[in-house]
Amino acid sequence: PNGAGKTTTLRMIAGILRPTSGRVFIGEHDLATHPTQAKQRLGFIPDRPFVYDKLTGAEFLRFVAGLYGQEGQLVEKRIDELLEIFELATWKHELVESYSHGMRQKLIISSALIHRPELIVVDEPMVGLDPRGARLLKDLFRQFVQRGGTVLMSTHTLEIAEAMCDRIAIIQNGKIVARGTVDEMRQQTAAGDASLEELFLRLTGDVQVAEEFAPSEFHRHAFGRQQPLRFAPRRGELDVGRTVRRQLAEYFRGRRADI
């Protein structure tokens with residue numbers, strides 16, 4: 001759920017935030033005592049693409065490569081390779097300030113891969129990507145894992161998690177409430193063939209709320225029968241918006257304590 005601590009956890013693993021307790025190991029390297037060696041092994045893709053607007057795409061990737069101590073012809077070849085993969089080659093020498101949000105996200109992903117990491121830590125990877133870009137990223141992650149890499153992903157899009165992840169953990173209030181494969185979590189909750197979304201709602205205690213505020217209950221309360229709401233009046237009909245607002249107010253007036 002929102003506020004569970006997913007982004008905070010990923011930022012601690014990436015070395016952006018310092019843990020108040022506990023230790024983070026990247027391979028055999030303790031992030032607190034050997035941060036450079038640990039960070040060399042991972043690439044971090046944040047949920048929002050922070051880039052330097054006054055650099056070109058190529059300059060930004062060259063800058064990130066330099067942070068990892070890499071330069072020269074191998075880096076230039078890697079830059080061209082990544083820009084081609086993410087369909088940014090024609091924008092190589094354009095300032096990043098002219099990039100769209102989706103293009104900036106692709107550039108950030110490229111920067112996380114520039115030094116060929118062993119581990120990718122990614123927060124909401126599909127944000128800002130069009131369907132083509134999202135499909136490309138899924139394929140890249142699969143290829144990365146097949147070559148021996150590891151992807152640690154945080155996402156609210158449960159369909160993506162169910163389709164892509166070998167193991168899943170659900171975090172609530174800073175604690176892992178369930179972990180394992182989807183089938184293992186189904187067995188833990190005796191949920192039969194439930195989808196990951198249904199498992200998530202059961203494990204986080206949101207099923208009752210979802211059922212309590214089902215649309216059919218409001219329809220019965222407001223109209224005396226189950227029917228869909230229609231806010232836009234047809235030609236010749238009265239605008240029922242005011243009536244619907246009054247009925248909504250009546251419906252929720254006695255339920256504010258529940259909310």
So which atom in E94 and which in S98 form the shortest heavy-atom distance, rounded to 0.1 Å? CB-OG, 3.9 Å
Going by heavy atoms in the side chains, are I85 and L140 under 4.5 Å from each other? yes
Going by an N to O cut-off under 4.0 Å, is there a salt bridge joining E184 and R179? no
Any side-chain heavy atom of R132 within less than 4.5 Å of one from E87? yes
I need the minimum non-hydrogen distance between M12 and P19, along with the two atoms involved. SD-CA, 3.6 Å
Tell me if the NE2 atom of H34 is crowded by more than 12 foreign heavy atoms within 6.0 Å. no
Is the backbone N or O of A194 less than 3.5 Å from a side-chain atom of R186, with the two atoms forming a donor-acceptor pair by type? yes
Testing the basics here: between P117 and A112, what is the closest heavy-atom pair and its distance to 0.1 Å? CG-O, 3.4 Å
Atom pair OG1/CD1 of T7 and I171 - distance to nearest 0.5 Å: 9.5 Å
What pairs of donor and acceptor atoms, side-chain ones from residues 40-47 against any protein atom, are under 3.5 angstrom apart with sequence neighbours left out?
{"unit_1": "Q40", "atom_1": "NE2", "unit_2": "Y68", "atom_2": "O", "d": "3.3"}
{"unit_1": "R41", "atom_1": "NE", "unit_2": "E118", "atom_2": "OE1", "d": "3.2"}
{"unit_1": "R41", "atom_1": "NE", "unit_2": "E118", "atom_2": "OE2", "d": "3.3"}
{"unit_1": "R41", "atom_1": "NH1", "unit_2": "E28", "atom_2": "OE1", "d": "2.8"}
{"unit_1": "R41", "atom_1": "NH2", "unit_2": "E118", "atom_2": "OE1", "d": "2.8"}

Which heavy atom of F60 sits nearest a heavy atom of F50, and at what distance? CZ-O, 4.4 Å
Which pair of heavy atoms, one from L129 and one from G102, lies closest together, and at what distance? CD2-O, 3.9 Å
Tell me whether K77 is salt-bridged to E71, with the criterion being a basic N under 4.0 Å from an acidic carboxylate O. no
Rounded to the nearest 0.5 Å, what separation is found between the CG atom of L31 and the CZ atom of F25? 10.0 Å
Is a side-chain N or O of T155 found less than 3.5 angstrom from the main chain of T157, in a donor-acceptor match? yes
Closest non-hydrogen contact found for S110 with L82 is O-CD1, 3.3 Å
Passes salt bridge (charged side-chain N to carboxylate O under 4.0 Å, His left out), E159 versus K138? Steps please. CA-CA 12 Å; E159 294 83 359; K138 290 177 186 177; over 6 Å; no
Output yes when D123 and K6 qualify as a salt bridge under the 4.0 Å nitrogen-oxygen rule, no when they do not. no
Side-chain (E76) to main-chain (Q73) donor-acceptor, under 3.5 angstrom: no
Any ion pair linking E81 and R78 (charged N to carboxylate O, less than 4.0 Å)? yes
Path from L83 to M103 over hydrophobic side-chain contacts below 4.5 Å: yes
Student check: side-chain heavy atoms of L119 and I26 closer than 4.5 Å: yes
Partners meeting salt bridge (Lys or Arg N to Asp or Glu O under 4.0 Å) with K92 (sequence neighbours left out): D80
